[in-house]
Amino acid sequence: MTITDIQNALREKVRVIAKEKLSVEPDHIASEIPPKTELGDLAFPIAFELAKLIKQQTGEKQNPRAIAEELKNGISEFDFVDRVEIAGPGYLNVFYDRTGFLLDENSAETGANEPGTKVCVEHTSVNPNKAAHIGHVRNAVLGDTFIRILKADGKEVETQYYIDNTGVQVADVAVGFMFIHNMNLDDIKALDKELTESDKKFDFYCWDLYAQVGRAYQENEELKEKRAEVLHLIEEGDNPTADLADFVATRNVECIVETMERFGVRYDLLPRESEILHLKFWEKAFGQMKELGVIHYETEGKNAGCWVMPFAEHSGTDDHESDKILVRSNGTVTYTGKDIAYQMWKLGILGMDFFYKRFHRYADGKEIWVTTENADEAESGFPAFGGGETIYNVIDTRQSYPQEIVKKGVAAIDPEKGEKASVHLSYEMVALSPAAAEELGFELSEEDKGRTFIEMSGRKGLGVKADDLLDRMEIKALAEVESRHPDSDEAEKKHIAHQIAVGALRYFLLKFTRNTVIVFDFKEALSFEGETGCFCQYSAVRVNKIFQKLAERDESVAEIKAALTDREKVAEIFGSEAGSDIWSMLILAARLDETIHNAAAVNEPAILAKYTFNLAKAFNLFYHNHKILPEPDAVKRAVLISVAEKVRDSLTRSLNTLGIEVPEKM
RNA sequence: GCUCCCGUAGCUCAGUUGGAUAGAGCAACAGCCUUCUAAGCUGUGGGUCGCACGUUCGAGUCGUGCCGGGGGCACCA
């Protein structure tokens, strides 16, 4: 019986007693984990509410403590309950049977999940015109971790990285290549080869070029006009400019996929915007919306010639219309329009499909697929893509407004699915502290210096590039590993340094809740002490070491645990002075699945990050207070090792769910 | 103007659908390595939870108003 089963059984019992004995049915049976172990393992502050309900129904005034007494008797019947206490004005504190719990945990089967429903998660979706910066990594790590959480919670998940290969940003870089550097496709290919040979990255080159184009636009109006032409040619496709842009976008995606792989982030499918257009996905969605009358054509006013969707929730002003343009007067489709079609496809309600081909093969053989409009290019052997029961879109909170429109558009066509099934997993940006911006070599205006943070900007070339930061972390971690394990071989040291660097960065990005702006600070991000990924890894390495030692000494864990059959002695240990300590450790480790479920339910990976840190912290204390291997008493040693085993399992799984590996040694 | 988010220790942040004495990390100071790894552990100091009113047995959490900071309201995404 898992801890979740226990809680559900207790909650259900409380509900039944309330109904049968007290004739009241509260909407929700609240329960909480008491602030201290001495106050029990689960508490119901329900008596107050029941007293109120009884008073409302009958006018009879009941003492909450008397109600708690009534509940206590029923709950005490369970085998897994050791005792129930009534505390304060009417808290019902339940204490689990510690011995039974430990033995049960030891025999419990882990995770026999039924095949769950399929969901799609879109994340990363960096514009394919430059290298990824730390803000993009927040998106990717958030999405990737959420996916791991959903999978751990029993869902089948498909990961998509949407490629906006026909947008303005790609056009900007194409303009740079074509009109600033006067390069054609062959020149760019030659440049790419040259860069690769000198160990430089194409996306880094584009990063600088994009910033250069941004500056050039300010002083060169002609160039800006070129952008519109280039954008139009890219959207149209099948011309030299479109081919050039396609090469640039594809190379950038390759680079970004490579970068994200370093962070442990992977994808299943790369749906491309060009296919949404050329395979007429948009036209189909457009037709349906026209038919349903959710959009209309403006014949006059400032939006004359556009197809717009009214958006009544936002009131219009003189400066701003409340309508959202989906089709521009020149006939091109806005991103919002294209996203409606894309989301419909993701939900499996569009009734059309892409062609697919292989894009990339990871070292372990896993493949990424990409969409194609060309039936001749299409490859077979791909898994069934799209058709998610729920779709999660990991997108910056600054896009909340367009996301609302997209949702509304989808809901207009399919009311049943649209409203609930499309979830905007929003998160705040990663910004730079003024100090960090200066550290990157940017000159700040007086106004900027006074700001609490400075927004990163691809257009200005202002940002911490993902690869640069990870490189820096790996160098720092390697120095630490060198000093601790000078005799290990180079490859192993590098591997450990990499694991530590990724752990530190992922944890750093995950410990903040989604709606907190992360003001990036080098010192804090590069730290290996305190609340960091490294701290959690270190704790896991420690617990692993105990079992390594046992193996070295040819001691069998199963044989050691045989001593647990002496239930009386086990109960005595839990009842001793150290007993509560040991029990706290065990029950905290047992709360992983509950925590994962909670994190999935409220779409908040930070909950799991915090839990992991608390678990690691608790184990460090446990480790300090109880000498496990030298413990002379066989039964106590068995108890300590069983608890350590549970911690090892939970901490490893918890870290893996955060995408953080546990190094062999640290 | 409209709208969303934030305001909790010197700094950076947690705080479950309203529950018990508001917690971490960093920074500061004082301790702990013949032991299963000190990237660790222990202790000390540090709070009008922005302000006010309200709802409630109970408010950091919910409501209203105000103050302060940020985002959004493009024929960009």
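Keep in mind that this is a model prediction, so the values were computed, not measured. Below, chain A is the first sequence line, B the second, and so on; all start at residue 1. The basis for the numbers below is simple: all heavy atoms, side chains too, and nothing from hydrogens, waters or symmetry mates.
Pairing of B/G65, defined by two Watson-Crick or G-U wobble distances under 3.5 Å, is identified with B/C51.
Taking 3.5 Å as the limit, the base of B/C75 and the side chain of A/S329 contain a donor-acceptor pair of atoms between them. Interface remark: the A/R484 side chain does form a donor-acceptor pair with the B/A39 base, using a distance-only criterion of under 3.5 Å. Below the 3.5 angstrom threshold, one finds a donor paired with an acceptor across the side chain of A/N93 and the base of B/A20.
A/L640 and A/K627 make their closest contact through CD1-O, 4.2 Å (heavy atoms, listed as atom of the first residue, atom of the second, distance).
Among the atoms of the strands shown, only primed sugar atoms or phosphate atoms (P, OP1, OP2) are found under 4.0 Å from some heavy atom of A/K617. Residue contacts for A/T513: at a heavy-atom cut-off of 4.0 Å it reaches the sugar-phosphate backbone alone, with no base atom in range. Residue contacts shown for A/K610 are limited to sugar-phosphate atoms, with no base heavy atom under 4.0 Å away. Among the protein residues, A/F48 comes within range of the nucleic acid bases, having at least one heavy atom under 4.0 Å from a base atom.
Nucleotides B/G65 and B/C2 have their P atoms positioned 11 Å apart, rounded to a whole Å.
Nearer to the 5' terminus of RNA chain B, by closest-nucleotide assignment, is the contact made by A/S31 (compared with the other of A/S31 and A/E531).
Glycosidic conformation of B/C29 is anti; the angle lies outside 90° of 0.
Judged by centroid separation below 5.5 Å and plane tilt below 30°, A/Y91 stacks onto the base of B/A20.
Set against B/C36, B/U21, B/C13, the side chain of A/K36 has B/U21 as its closest nucleotide. Counting only heavy atoms from C-beta on, A/D164 has its side chain closest to B/A77 among B/A77, B/A20, B/C41. Between B/U37, B/A77, B/C57, one nucleotide has an atom nearer to the side chain of A/P402 than all others, and that is B/A77.
A/Y623 places no side-chain N or O within 3.5 Å of a backbone atom of A/V543 that could act as its donor or acceptor partner.
Checked for salt-bridge contact, A/R138 and A/E428 miss the test: no charged N lies under 4.0 Å from a carboxylate O.
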